[in-house]
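We count residues from 1, following the sequence as given. Atom set for the values below is all heavy atoms of this structure, side chains included, hydrogens, waters and symmetry mates excluded. Keep in mind that this is a model prediction, so the values were computed, not measured.
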Amino acid sequence: MKMKILIPFLLCFLTLPITVVSQSDQLSKAISSTLNKRFPGWRFSEVSVGVQQFFKERFPDARPNLIKGDFDGNGQMDYAMLIEHGNFDESEKGFTQVVEKLAFLKKGAKYKLYILEEYAPAQPILYLNLAKKGEVGKDFQNNTKYRYPNDSITISYFEKAGGTYIYRKGRFRHVLESD
């Protein structure tokens, strides 16, 4: 009798962390609302099969188009993402996908949007990664090493080049780390 009661309880308890983790990975309503207003029809950028395989092998719990970290060092969780949305391109006289590199920094109860870069067309070899506070980075142009002052946003072009957006003094600065 006790075992019949204990098994369902254990099953419910074991599934609880899975539920909590999946809910915490959802974007906040404030971020989703801003994205919907500013970039109608947006979606997370798609990545190539090569990038998908790379993440599956090296970062199985990470996403190539969404990262979380404390980018401004205020102790609150911030987000960076790669999104695509439709846009009318005057030069091409047609519809094209525009890619946005975005950061949302949490300031109290609100998020502030930073557009890091915008370009077209979509590039499926592009992905994000998190550079953790205190890790060593390299400034490719100046051939110097440094430590990330906060969590930082690494943008990579699969097997080609990469750089990092570092937040300091109210703005993001881009550092080329590989070519």
field: Flag, side chain of Gln76 to backbone of Gly108, donor-acceptor distance under 3.5 Å
entry: yes
Ile166 reachable from Leu116 in the ILVMFWY side-chain graph, under 4.5 Å edges: no
query: Between Ala80 and Leu128, which heavy-atom pair has the shortest distance, and what is it?
result: O-CD1, 3.6 Å
- request: Measure from the ring center of Tyr167 to the ring center of Phe172 and say whether it is less than 6.0 Å.
  value: yes
field: Test side-chain hydrogen bond (donor to acceptor under 3.5 Å, both in side chains) applied to Tyr165 and His174, Arg171, Glu117, the passing residue
entry: Glu117
query: Checking side chain to side chain contact (heavy atoms under 4.5 Å, CB included) for the pair Leu102/Ile115: CA distance, chi angles, key distance, verdict?
result: CA-CA 5 Å; Leu102 306 174; Ile115 298 175; 3.8 Å; yes
Check ion pair Arg43-Glu84 (N to O, under 4.0 angstrom): yes
message: Under a 3.5 Å distance rule, please check whether Asp78 uses its side chain to pair with a backbone N or O of Lys106 as donor and acceptor.
response: yes
Identified side chain to side chain contact (heavy atoms under 4.5 Å, CB included) partner of Leu113 from the options Thr34, Ile31, Leu105: Thr34
message: Between Asp151 (side chain only) and Lys133 (backbone N and O only), is there a donor and an acceptor less than 3.5 Å apart?
response: yes
message: Assess whether a salt bridge exists between Lys107 and Asp72, defined as any Lys/Arg side-chain N lying under 4.0 Å from an Asp/Glu carboxylate O.
response: yes
query: Leu82 and Lys101: which non-hydrogen atoms are nearest, and at how many Å?
result: CD2-CG, 3.5 Å
- request: Go through the structure and list residues passing ring-ring contact (aromatic ring centres under 6.0 Å, His included) with Phe59, not counting sequence neighbours.
  value: Phe54, Phe55
query: Does the Asp139 side chain pair with the main chain of Gln141, one donor and one acceptor, at a distance under 3.5 Å?
result: yes
